[in-house]
Amino acid sequence: MKQHTSLPRGTRDFGPEVMMRRNFILDNIREVFTRYGFLPLETPAMENLSVLEGKYGEEGDRLLFKILNSGDFLRKSSIEDRKESSSLVSKITDKGLRYDLTVPFARFVASNRHNLALPFKRYQIQPVWRADRPQKGRYREFYQCDADVVGTKSLICETEIVLMINEVLQKLGVTDFSIKVNHRKILEGVCEFMGTPGQLSDLSVGIDKLDKIGWEGVKKELGGKGFSEDSIEKLATILKDGQSREKINSILTGTSASDGFEEFNSMKEMLSSFELENDHVQFDISLARGLAYYTGMIFEVIIADSGVGSVSGGGRYDDLTGVFGVEEIPGVGFSFGIDRLYDAMEHLDLFPVDDIKATEVLIVHFDDECFRYGLGSLKLLREAGIASEIYPDSTKLRKQLGYADKKGIRQVIIIGSEEMKTGNLTLKSMETGEEKSMGVNEIIRTLTTRNG
RNA sequence: GUGGUUGUAGUUCAGUUGGUUAGAACGCCUGAUUGUGGUUCAGGAGGUCGUGGGUUCGAGUCCCAUCUUCCACCCCA
């Protein structure tokens, strides 16, 4: 009887070809993070619900995956509890899968604050889970690659984020992208200018959609949220097409926005010391990002013609650990969404074809005696650092060579009675079909110099 | 969570108004070729048509439910 195999919705297997490419991306990100002084951190897949709940707003709580308690938990609940799901839930589950990496990080910082040398720079690459309804580029299990600095308000952190984004994307071969930057204070300034202070979050959600639904759509949405015609007219003077940063700055003079522009300019100035040809930074007044806890500069990275949304985002927060009852620790961080980066790179055909190979050489043979003889050569090849394998069964050459062909192995060592007699093995190139007879040490020299 | 959409061989897809034994291409296996892969030729295996109900003399085809896929909201990486 055949069992039906299926995955939970929104989850995926990553086969070898895909994993090689994912690792190519991850290795580059990890290398850059490390070179900028970030240290690795991992936290458990599950956290206590008390840690996760209430951190992402009402919407976020709905998207949390909860883990059922073990044992006969139902017995501990009362009849009353069973009349309403929300009441029962609190009795039968107290753990959940992590929703992002920032909250577990905050929990870690809060509980280890006396042992951490501040400022603390950490990176974290792990999957997160959301009980969302999946779409393309949207999964229920996906990876985040976070890098955060806590314990300093210095703008060098923001500057370094821009540098790291540039380095990673350059290594991946992505050239046409923009790092959109805005500042929470500037948005606050806009609010003040509109005469609607205190409505920052409604304003943010609204203008964040400018790209998608256009000015008319934003106008309608804000109107529905209770913004007056007068305030919307004022917003229009700021969002008008082609409005330069300087112009917006002068319009918003006397508001909180000035601090934001000052920080932005300092960051740009610091950036100039690194002499980038093009820093890809683009000020964007309509960038808002929904997350409520940002207090300073905010970032979002868009790859042109990539077919997916933002591949990276982040920003500064003044108070990471406040919700855990710990004194304010400021920080700034950002994250790469590698699932989307992957989709974008595939769409733009940016994966290097040559890097997709694991085994360099395969040893093929005719019978058990040749097989045993081959084991000695296999040992030497591996000691020399050459990725190699021996065909496990004694079968016809046709089949063994077919295996090498399908797996993309470029070199084959053939061992038969003739080779055993002389000690000169046959090295065959699967690409050219050329064959050479030589000892195993000479083969190793040939293969290592070719790679070096 | 709301509304819509999709599902047939390992993969991509045909399958007429409901009618005999559900097809193709590619892939896979075997042989031509017992010391040589890709190409070619010959043969072969592989399907409870997503799952469970229902209508019908008869369902891949119609109806309902459920799961899955993709899309628009919501929100987000």
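- Using a 4.0 Å cut-off between charged side-chain N and carboxylate O, A:E31 and A:K171 make a salt bridge.
- For A:R22, the side chain to side chain donor-acceptor pair (under 3.5 Å) criterion is met by A:D339, not counting sequence neighbours.
- Contacts of A:R398 classified as side chain to side chain contact (heavy atoms under 4.5 Å, CB included), with partners at least two apart in sequence or in another chain: none.
- Atom OH of A:Y56 and atom P of B:rC74 are 22 Å apart (whole Å).
- Taking OG1 from A:T448 and CD from A:E360, the interatomic distance works out to 9.5 Å, rounded to the nearest 0.5 Å.
- B:rC71 and B:rU5 are spaced 15 Å apart, taking the P atom of each and rounding to whole Å.
- Qualifying ring-ring contact (aromatic ring centres under 6.0 Å, His included) partners for A:F38, counting only residues two or more places apart in sequence or in other chains: none.
- Under the rule for a side chain to side chain contact (heavy atoms under 4.5 Å, CB included), the partners of A:S335 that lie at least two apart in sequence or sit in another chain are A:Q144, A:D146.
- When the C1' atom is compared between B:rC76 and B:rU11, the two are found 32 Å apart, to the nearest whole Å.
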Protein within reach of the bases, or only the backbone? For nucleotides 68-73 of chain B, mark each nucleotide 5' to 3' as B, S or -, using heavy atoms under 4.0 Å.
SSSSBS
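- For the side chain to side chain contact (heavy atoms under 4.5 Å, CB included) test, residues two or more places apart in sequence or in another chain that qualify with A:A404 are A:L362, A:I409, A:V412, A:M430.
- Separating the OH atom of A:Y294 from the P atom of B:rA77 is a distance of 7 Å, rounded to the nearest angstrom.
- Heavy-atom distances under 4.0 Å link RNA chain B to no residue of residues 164-176 of chain A.
- Remark: the separation of the C1' atoms in B:rU61 and B:rG3 is 26 Å, to the nearest Å.
- Comparing B:rA9 with B:rG23, their C1' atoms are spaced 10 Å from each other, to the whole Å.
- The pair A:D343-A:R340 does not count as a salt bridge, with every side-chain nitrogen at least 4.0 angstrom from each carboxylate oxygen.
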What side-chain donor-acceptor pairs closer than 3.5 Å can you find for residues 148-155 of chain A, not counting sequence neighbours?
| residue | atom | partner | partner atom | Å |
| --- | --- | --- | --- | --- |
| A:D148 | OD1 | A:R122 | NH1 | 2.9 |
| A:D148 | OD2 | A:Y317 | OH | 2.5 |
| A:T152 | OG1 | A:S154 | N | 3.0 |
| A:S154 | OG | A:I156 | N | 3.1 |

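- Under the side chain to side chain contact (heavy atoms under 4.5 Å, CB included) rule, A:F65 has a single partner from A:R140, A:R130, A:M46, which is A:R140.
- Among residues two or more places apart in sequence or in another chain, the ring-ring contact (aromatic ring centres under 6.0 Å, His included) test is passed with A:F108 by none.
- In this view, A:E160 and A:K121 satisfy the salt bridge (charged side-chain N to carboxylate O under 4.0 Å, His left out) rule, not counting sequence neighbours.
- Looking at heavy-atom distances under 4.0 Å, A:S335 makes no contact with the nucleic acid at all.
- Computed from coordinates, the A:D100 CG to B:rA77 C1' distance equals 11 Å when rounded to whole Å.
- At a cut-off of 3.5 Å, with distance as the only test, a side-chain donor of A:E167 or A:Y36 sits close to an acceptor on the other residue.
- One P atom belongs to B:rU69, the other to B:rU8, and the distance between them is 13 Å to the nearest Å.
- Atom-to-atom, OH of A:Y403 to P of B:rC29 comes out at 13 Å; the value is rounded to the nearest Å.
- Atom name P, nucleotides B:rC67 and B:rG4: the rounded distance is 15 Å, in whole Å.
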How does each nucleotide of nucleotides 33-42 of chain B score, in 5' to 3' order, for protein heavy atoms under 4.0 Å: base (B), sugar-phosphate only (S), or none (-)?
B-BBBB----
With side chain to side chain contact (heavy atoms under 4.5 Å, CB included) as the test, would you mind laying out the steps for A:D100 and A:Y56 before giving the verdict?
CA-CA 10 Å; A:D100 71 359; A:Y56 310 103; 2.8 Å; yes
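- If you take CZ of A:R130 and C1' of B:rG1, they are 17 Å apart, rounded to a whole angstrom.
- One P atom belongs to B:rA24, the other to B:rG43, and the distance between them is 13 Å to the nearest Å.
- For the C1' atoms, the distance linking B:rC26 with B:rG46 amounts to 14 Å, nearest Å.
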How would RNA chain B look in dot-bracket form, 5' to 3', counting Watson-Crick and G-U wobble pairs with both distances under 3.5 Å and writing | for bases paired to another strand?
((((..(..((((.....[...)))).(((((.......))))).....(((((..]....))))))..))))....
